[in-house]
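Encoded as structure tokens, the structure appears first; notes follow it.
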Amino acid sequence: MNPYKPKFVKIIKVEEMTSDIRLFRVDFKCRHRPGQFIEVFLPHYGEAPMSICSCSTQYLEMTVRAVGNVTNAIHKLNVGDTIGIRGPYGNGYDMKSLKGKHLYIIGGGTGVAPLRGIIKYAEQHPKDFASVNIFMGFRNPEQVFFKEDIELWQRMFNVYLTVDQPSKAWRHCCGVITTLLEKQKLINENGVAMTCGPPVMIKFVIKSLNAAGFRNDQIFMSLERLMRCGIGKCGHCMVSNLYVCKDGPVFRYDQVQDKKE
Amino acid sequence: MQLEALFNKLKHGRRIVAPVSREGYFVYETVHNFKEIAIDFTLPIYPPKEVMLPQHEPVYSFKGANVRATIPSEKTVIFGVRPCDVRAIGVMDNFMFSGIAEPYYKARRENTLIVAIQCAKQFENCFCDVFGSFKLEKGHDIGLARGSGGYLIKAGSKLGEDTLKSLKIKQDSKLPQANFKITKPHQQFKARIGELDKLSDSKHWDTAATECFSCGGCTIVCPTCQCFDIEDHSAPNLATGKRIRTWDSCQLKPFTRVAGKYHFRGKRTDRFRHRYYHKLVWGDNCVGCGRCVTICPTKIDMREVVLKL
Ligand SMILES: Cc1cc2nc3c(=O)[nH]c(=O)nc-3n(C[C@H](O)[C@H](O)[C@H](O)COP(=O)(O)OP(=O)(O)OC[C@H]3O[C@@H](n4cnc5c(N)ncnc54)[C@H](O)[C@@H]3O)c2cc1C
Ligand code: SF4
Ligand code: SF4
Ligand code: FES
């Protein structure tokens, strides 16, 4: 098996989430863990790593924000078009090891995408966890995505939303995500936090979690780096001696807290 | 043993890459005739890594959704590999074969026969005495060393044994080993390497990095640097294209650039230090060949930098 070779598959669903974010469902069947990623290839444009945001052996979903060459070209694709996929790559979350725990799932902006796979898993295994608590922050109400999912999650789990710039109609919290965290009583004993988002957000989330009594080994995070190969060979994704593509992208905070870039 | 006889026997069905003299430097090139080889070569300015990891290599070509990849199968002999480079090939093998193996490196490596040649003395900038990498112990297939009456020859691997046997070449009982005693300054350098994990905040990283151009020369010549990029090269009519793997360097600023123009190692000091830690701390990735010292346009010497931290 040549690990570089993508498998071309059909797009079976496209959903517009916000002005620059679309969800794509592709006909790629594989076993995977929440938090893993794939390399998406579009001929003549190149490859981009994308988090798997679904939890199914029958298809994969990814949430693509149009930011550059490859991602803008992906946005032009429709149902029935083909796209190259290789993977899944990375460690992902070992959900079985989290059985019986209180989950705190904390995401900001596009960082919400990789966390959706965890929540989808919890949807399918609701009895596995002591509680599921979802905290999501966005810039403004127009930037909120996974709206349909959120409606379902609000019925099943504890969901807390915040935006930096609220509109008149906004019924949820406003302000940065840490204000949201600080308002809730977090159960640190037997709790684990899983976070993904911009580096500044993560920094403050960790502060709040520590203040609520979470140890660093109870905090997991997904890191994002430039990736070219996805298989631990090209060197681009290194953070110190770690290869984010194979040792991560999910890291326990105590294992990376002292690493220099 | 006559080297020319060995060369002529190995030549059948195999490409031979050997050191030749070009514009005052020794470099590895494909040769057809023993006379082309600069057999009194010092340390070639580039390591032989290009045989296993060409600077540019298509990983696949595509036509629409039709993808074709060709795994190379050419048999190659590298004739005249210095012991430090033999060790470096071992370092690269460990990295490239671990986890998901890099398929092109693996295929080329498995089709490569290494004829190593012992050093009688160290050359300018060599610091193999620090790591003991002047010793020819394992990793080569056939070992050569100059003796009083010509070259001595001994197999270093099963492949080497079998090759010599099939070519009907008689082995010597033993190769004389080089023994370069570690110098005083190198002893200090070695001791300092052991303390590096505590020196990542040293002010001298900034000072040393101000001399660096971020040209990436040091990584290009390093026998254990493998980092690469993969890019699309399309035909003008966009009917076909290729994905090409190309050497890249952690010393170049765009190396960690993500969308939004953010660079994780945007500061030169961070890139500079990253190389030192990768070579000296996170595994035994430096073999002391000294090429990074020789090539550097501002003559930055790894040993001096480490001693001043
Ligand atoms: C593990 C992982 C998971 C991810 N998951 C998601 C996800 O779920 N959703 C999502 O939207 N995004 C995700 N991303 C981010 C996504 O991969 C990037 O946004 C995407 O690769 C951008 O590609 P682009 O070609 O559109 O952007 P561009 O900015 O056009 O280019 C992408 C990369 O190409 C290089 N490049 C472009 N131009 C130049 C130049 N002039 N010089 C040098 N280099 C250049 C840069 O290094 C840049 O990072 C993820 C990233 C990682 C690592
Ligand atoms: S060769 Fe010298 S100047 Fe160039 S990147 Fe390396 S240390 Fe810097
Ligand atoms: S770091 Fe320098 S001395 Fe060490 S192996 Fe690489 S090129 Fe040779
Ligand atoms: S993406 Fe190439 S080493 Fe991680």
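In the text below, chain A, chain B and the rest are named by the order of the sequence lines, each starting its count at 1. Computed from a prediction, not measured in an experiment: that's the story for all the values here.
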- Message: Quick check for you: among B/Ala235, B/Gly283, B/Cys227, which has the greatest number of heavy-atom pairs under 4.5 Å with chain A?
- Response: B/Cys227
- Message: Using a 4.5 angstrom heavy-atom cutoff, name the option from B/Val258, B/Asp248, B/Thr256, B/Leu238 with the most pairs to chain A.
- Response: B/Leu238
Inspect the contact between [Y] and [X] and indicate whether a charged nitrogen and a carboxylate oxygen are less than 4.0 angstrom apart.
X        : Y        : value
B/Glu195 : B/Arg192 : yes
B/Glu110 : B/Arg108 : no
B/Asp201 : B/Arg273 : no
A/Arg228 : A/Glu47  : no
B/Lys242 : B/Asp232 : no

When [options] are compared by non-hydrogen pairs under 4.5 Å with chain B, the top option:
options                               : value
A/Cys229, A/Cys237, A/Gly235, A/Ala48 : A/Gly235
A/Lys233, A/Arg65, A/Met1             : A/Lys233
A/Arg225, A/Glu224, A/Lys5            : A/Arg225

For [X], is it the side chain, the backbone, both or neither that has a heavy atom under 4.5 Å from a heavy atom of chain B?
X        : value
A/Met238 : both
A/Phe41  : side chain
A/Leu42  : backbone
A/Ser240 : both

Taking atom types as modelled, is there a side-chain donor on [X] or [Y] under 3.5 Å from an acceptor on the other?
X        : Y        : answer
B/Asn111 : B/Lys75  : yes
A/Ser208 : A/Asn210 : no
A/Lys260 : B/Ser200 : yes

- Task: Determine the sole option in B/Glu231, B/His56, B/Glu102 for which the side-chain hydrogen bond (donor to acceptor under 3.5 Å, both in side chains) test with B/Arg245 is passed.
- Result: B/Glu102
Counting only heavy atoms closer than 4.5 Å, note whether [X] contacts chain A via side chain, backbone, both or neither.
X        : value
B/Phe255 : both
B/Phe95  : both
B/Tyr104 : side chain
B/Ser98  : both

